[in-house]
Number of protein chains: 2
Amino acid sequence: MPRIPATERRVALARAALVVIARDGLAAATTRAIVAEAGMSLASFHYAVPSREELLRDVVDLVVAEEGTAALVPLLSRAGSVREAARLALTAYLDHVKQDPGHEQAMFELTQHALRTPGLRDLPAEQYERYHALAIHLLNAATSPHHLEWRVPIPDLARLLVTVADGLTLAWLADRDDAAAARTIELAADAIALFADEHVAVSA
Amino acid sequence: MPRIPATERRVALARAALVVIARDGLAAATTRAIVAEAGMSLASFHYAVPSREELLRDVVDLVVAEEGTAALVPLLSRAGSVREAARLALTAYLDHVKQDPGHEQAMFELTQHALRTPGLRDLPAEQYERYHALAIHLLNAATSPHHLEWRVPIPDLARLLVTVADGLTLAWLADRDDAAAARTIELAADAIALFADEHVAVSA
DNA sequence: CTTTAAGTGGGTCAACTGTCCCAGACGAGC
DNA sequence: GCTCGTCTGGGACAGTTGACCCACTTAAAG
């Protein structure tokens, strides 16, 4: 009802689209479902956005921009060892997934859809570059408080971290086996600690 | 044109559906696209299968049944160490993905779709149970030729293996970075070797 | 050969999709 | 207070979808 400039409507639509996708899936995110979520009329959609495809691009941008690891950094310094830091970080990440599984699933659906859509095929690469950058940031943040060096290049280890996080999420979404996921995290933490050179040994 | 019993048509439709999904994505796998691929008339579809949803269930069953690790087993005995075996196995798996990316993407799309569809929500759990079983089989196959024991329960390690394979695939599908994927495999192989207790040391 | 049921094809349906159009309402600048 | 461009609402469009129906052909059983 109120008069809102098109640029504001555009971001509001992207946010609404994300809500719909997380709740009901990408296939259910029709233009009508999106404007309903945003409380707009259908005409506002194409006034604010040229096409649905372009809005999905906005959604990915939004999601990539919002996804942060800021909450994880304090955890790292609190941990007594690299292994413990890795365990806490992965556990916190999985908890985040559990808290809103639809959101994480939305990301996968968006990625898969973008890979199939000619106009969006460049998005997944950007998306994962961002993930890897976040992981690099996280590994760097873990470096100082633990006085450690990594035995392998940080970008490589970052990619492994993203790999584990993705795989962990996928399997948990499929079988919702909390205990099994926790055991996977234990092993992954061991593995990551393997690549750390801890100058100061800390006992458990 | 030829007369074919409904049961045979059903599996033919499932195979055709998989081809379409791998080539054009799940969204493009309409009943019409599937019967076109199978060379049937639209009416045959609902004569052989109650609904599209039921056919998708067949497709997942098909895919889960076909996916084998048989080709990987010989690789394991040829490797000189656990690390090498893990490296070869993951590399072979990734090569398999590279050879037909659409097929692997189809699996992800099917999983995501099943998670969103009430009538198919039980499928992903079965699917991943099968993956984990395959990974267990693979780890067992690696045990004898290398005279080794695993420091952790095989099912736990199997889940980590599937996790890495999934994450590896997802990232590669997104950015197609062969070199980066190869480096991830190196690290993952190190990690897996960490959990092996090799009784007979073999030099490179 | 005849009967019977299985299998086939074409046409059709209602529902839903993304997109567009147009008449009108509103607010900012003169 | 008038005007002009920005924004809004409802309606409509063509295309596509999953499902279905009915009249037909064919193979097998008696």
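Naming convention: chains lettered A, B, ... in sequence-line order (proteins, then strands); numbering from 1 in each chain. As the structure is a prediction and not an experimental result, all values here were calculated from the model.
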### Query
Is A:I192 close to A:R87 at the side-chain level, that is, under 4.5 Å between some pair of heavy atoms?
no

### Summary
Residues at least two apart in sequence or cross-chain that pass side-chain hydrogen bond (donor to acceptor under 3.5 Å, both in side chains) with B:D100, listed by chain then number, are none

### Spacing of A:I34 atom CD1 relative to C:dG18 atom P, expressed in whole Å
7 Å

### Query
In whole angstrom, what separates A:E53's CD from C:dT19's C1'?
14 Å

### Query
Atom OH of A:Y47 to atom P of C:dG24: distance rounded to whole Å?
18 Å

### Message
Give me the atom names and distance for the closest heavy-atom approach of A:V162 to A:A135.
### Response
CG2-CB, 3.9 Å

### Task
Go through the side-chain N and O atoms of A:T111 and A:Q127 and say whether any donor and acceptor fall under 3.5 Å apart.
yes

For nucleotides 10-16 of chain C, which of its nitrogen or oxygen atoms have a protein nitrogen or oxygen under 3.5 Å away, and what is each distance?
none

### Task
Give me the ring orientation class for B:Y131 and B:Y128: parallel if the planes are under 30° apart, tilted from 30 to 60°, perpendicular past 60°.
perpendicular

### Task
May I have the distance from A:E54 (atom CD) to C:dT19 (atom P), rounded to whole angstrom?
10 Å

### Task
Nearest whole angstrom, please: distance from the C1' of D:dG18 to the CE of B:M40.
17 Å

## Note on the structure
So salt bridge (Lys or Arg N to Asp or Glu O under 4.0 Å) across residues 171-185 of chain A, not counting sequence neighbours, yields A:K98-A:D178, A:D175-B:R159, A:R183-B:D156

### Summary
To the nearest angstrom, the CG-P distance between A:L55 and C:dT17 comes to 16 Å

## Note on the structure
A:L56 CG to C:dG18 C1', in whole Å, measures 12 Å

### Query
Would you say B:H46 reaches D:dA19's phosphate, i.e. side-chain N/O to OP1/OP2 under 4.0 Å?
yes

### Summary
Rounded to whole Å, the CZ-C1' distance (A:R52 to C:dT19) equals 13 Å

